[in-house]
Chemist: 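Let me begin by handing over the structure; questions about it come next.
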Amino acid sequence: MRMSRYFMPILKENPKEAEIVSHRLMLRAGMIRQQSQGIYSWLPLGKRVLDKVNNIIREEQNRSGAIELSMPTLQSAELWQESGRYDAYGKEMLRIKDRQERPMLYGPTNEEMVTDIFRSYVKSYKDLPLNLYHIQLKFRDEIRPRFGTMRSREFMMKDAYSFDLTREGAEHSYKKMFAAYLRTFDRLGLRAIPMRADTGPIGGDLSHEFIILADTGESEVYSHKDFVNFDIPGVDTDFDDVAGLNAIFEKWTSVYAATSEMHDEEAFNAIPQSERLSARGIEVGHIFYFGTKYSEPMGAKVQGPDGKEHNVHMGSYGIGPTRLVPAIIEASHDENGIIWPESVAPFDAIVINMKAGDGACDTACESIYAALTKGGKDVLYDDTDDRAGTKFATADLIGVPVQIIAGPRAVANGEVEVKDRKTGARETMTIDAVINKLLG
Ligand code: ATP
Ligand code: MG
């Protein structure tokens with residue numbers, strides 16, 4: 001992408017409305033724009049990061065055996081009357097009427113709709129287990145939307161829903177998601193701690209929130225420090241192996257971790273002082289087992305091996321991609337801007353032409369840009385005629401992992417400078433060497 005043709009509205013000034021660093025940096029880097037309270041557009045740079053986050057989530061959901069579909073944002077109130085949640089949900093639900101005066105709503109979650117899909121097609125235990133997910137916008141009319149897309153009214157959620165014949169089966173489905181979440185957050189460059197959680201309006205008796213530690217987090221959390229060193233389930237994890245998944249789950253729930261709602265002061269104080277962690281955290285995911293809470297009132301039954309009809313046992317599993325992007329920034333930035341983990345960076349590298357219009361600089365930059373792009377890399381080429389200082393500041397702000405800097409002196413020797421955004425380390429290399437390094 002040539003910067004001269006890209007749309008990346010960088011703000012020079014610090015936006016006054018931003019209270020936390022991720023919100024400030026997302027506005028300054030031109031990633032998002034507020035359209036009305038708690039409702040955002042994702043501008044091109046932000047959209048690139050969001051897509052990368054969603055792709056990692058999708059890959060790990062698929063790996064665990066979940067199947068993607070797409071359900072609408074607008075739902076009919078009838079389904080929610082069946083489950084009894086239409087009245088229970090309260091003011092967070094945005095209620096709308098269509099031209100025939102039929103009550104509709106903008107979905108805050110999809111348990112009812114997915115249960116309706118399930119009951120329409122699945123009739124036998126032989127078709128179980130089943131886990132269906134989508135990545136879709138939700139709307140919750142939050143009392144206090146704040147911190148940009150961290151807590152917005154319209155936001156994106158990956159929500160998965162599992163269906164099993166028995167409670168044991170449902171627990172296995174729950175543990176599949178548990179392991180998939182550990183892998184997902186790890187690939188996003190985050191260390192998320194699963195904490196026992198309250199089930200809230202979703203209902204049920206088994207639930208974990210996945211929390212990443214950050215001073216600006218809205219949750220108060222208490223945990224054992226051991227979590228920092230636990231191993232993440234490998235890429236070869238067998239999600240059908242009940243004992244294997246149990247072992248992962250047991251390990252990751254073996255030490256104390258709870259949010260303030262579930263906090264047990266006595267259990268926490270039993271941990272040696274030096275191993276206690278009391279901090280603030282951001283909830284990036286939440287998983288629930290809730291049994292037959294929806295299948296019963298909505299009649300989602302399958303025929304079991306005994307020939308009888310059984311209400312299916314269900315769970316639901318959410319991750320918030322539009323919250324994860326700022327959460328990643330909270331965890332990874334410095335005074336100059338964002339430091340993206342490679343896995344979600346909007347571009348793999350940025351080529352900075354320090355003297356656009358200079359024949360030798362232009363030729364060097366064009367050849368690097370062409371070779372890397374051909375090799376499948378996402379490259380941003382700063383070909384504008386801004387001052388070098390402005391270009392460096394922009395590159396640091398938007399946090400692309402590798403900066404390739406081409407100035408007249410180095411280029412005269414067939415060389416460029418390569419800067420690592422994270423460490424700040426600089427290295428002078430030949431043009432061929434830099435291309436090989438990135439493509440190697
Ligand atoms: P919170 O406690 O932060 O209000 P919640 O418990 O209501 O969230 P869930 O219903 O568990 O949220 O939703 C699953 C995931 O969706 C959350 O873990 C979070 O990542 C994301 N999410 C929920 N509400 C919002 C929001 N208002 N803005 C952005 N992301 C959200
Ligand atoms: Mg929650």
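Read the numbers this way: they start at 1 and go in the same order the structure lists the ligands and their atoms. Values below: all heavy atoms of this structure, side chains included; hydrogens, waters and symmetry mates excluded. In what follows, residues are counted from 1 in the order of the sequence shown.
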Chemist: Is there a nitrogen or oxygen of His286 sitting under 3.5 Å from a nitrogen or oxygen of ligand 1?
Modeler: yes
Chemist: Closest by any non-hydrogen atom to atom 28 (N) of ligand 1: pick that one out of Gly318, Ser152, Gly217.
Modeler: Ser152
Chemist: Can you tell which part of Met157 has a heavy atom less than 4.0 Å from ligand 1: side chain, backbone, both or neither?
Modeler: side chain
Chemist: Fit a plane to each ring of His313 and Tyr289, take the angle between them on a 0 to 90° scale, and name the class: parallel (under 30°), tilted (30 to 60°) or perpendicular (over 60°).
Modeler: parallel
Chemist: With atom 15 (C) of ligand 1 as the reference point, say which of Gly148, Gly320, Pro326, Pro108 has the nearest heavy atom.
Modeler: Gly320
Chemist: Under a 4.0 angstrom heavy-atom cut-off, which atoms of ligand 1 come close to Val284?
Modeler: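 Contacts of ligand 1 toward Val284, numbered from 1: 18 (O), 20 (O).
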Chemist: Please list, chain by chain and in numerical order, all residues satisfying side chain to side chain contact (heavy atoms under 4.5 Å, CB included) with Met8, sequence neighbours excluded.
Modeler: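 Checked Met8 against side chain to side chain contact (heavy atoms under 4.5 Å, CB included); matches are Met3, Tyr6, Ile10, Leu45, Leu380, Thr394, Ile398.
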Chemist: With backbone taken as N, CA, C and O and side chain as the heavy atoms from C-beta onward, which portion of Arg323 lies under 4.0 Å from ligand 1: side chain, backbone, both, or neither?
Modeler: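 Side chain only; the backbone of Arg323 stays clear of ligand 1.
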Chemist: Do Arg119 and Phe163 form a cation-pi contact, if we require the NZ or CZ to be under 6.0 Å from the six-membered ring centre and within 45 degrees of the ring's axis?
Modeler: no
Chemist: Taking non-hydrogen atoms only, is Lys138 closer than 4.0 angstrom to ligand 1 via side chain, backbone, both or neither?
Modeler: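 For Lys138, there is no contact with ligand 1 at all, from either part.
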Chemist: Is there a polar contact between ligand 1 and Arg151, counting only N or O atoms under 3.5 Å apart?
Modeler: yes
Chemist: Salt-bridge test for Lys176 and Asp241: reply yes if a basic N is under 4.0 Å from a carboxylate O, no otherwise.
Modeler: no
Chemist: Taking atom CZ of Arg102 and atom CD1 of Ile96, what is their separation to the nearest 0.5 Å?
Modeler: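 One gets 13.5 Å once the value is rounded to the nearest 0.5 Å.
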Chemist: Is the shortest side-chain N to carboxylate O distance from Lys391 to Asp386 below 4.0 Å?
Modeler: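 No.
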Chemist: For Met150, which part has a heavy atom under 4.0 Å from ligand 1: side chain, backbone, both, or neither?
Modeler: backbone
Chemist: What is the ring orientation for Phe227 with Trp252, classed by angle as parallel under 30°, tilted 30 to 60°, or perpendicular over 60°?
Modeler: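 Correct class here is tilted.
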Chemist: List for me each residue that meets side chain to side chain contact (heavy atoms under 4.5 Å, CB included) alongside Asn311, sequence neighbours excluded, and say none if there are none.
Modeler: Thr292, Ser295, Glu296, Lys301
Chemist: Between Thr149 and ligand 1, does any nitrogen or oxygen pair lie at a separation below 3.5 Å?
Modeler: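 The answer is no, given that Thr149 and ligand 1 share no N or O pair closer than 3.5 Å.
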Chemist: Provide the number and element of each atom of ligand 1 under 4.0 Å from a heavy atom of Gly285.
Modeler: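 Ligand 1 atoms under the 4.0 Å threshold to Gly285: 18 (O).
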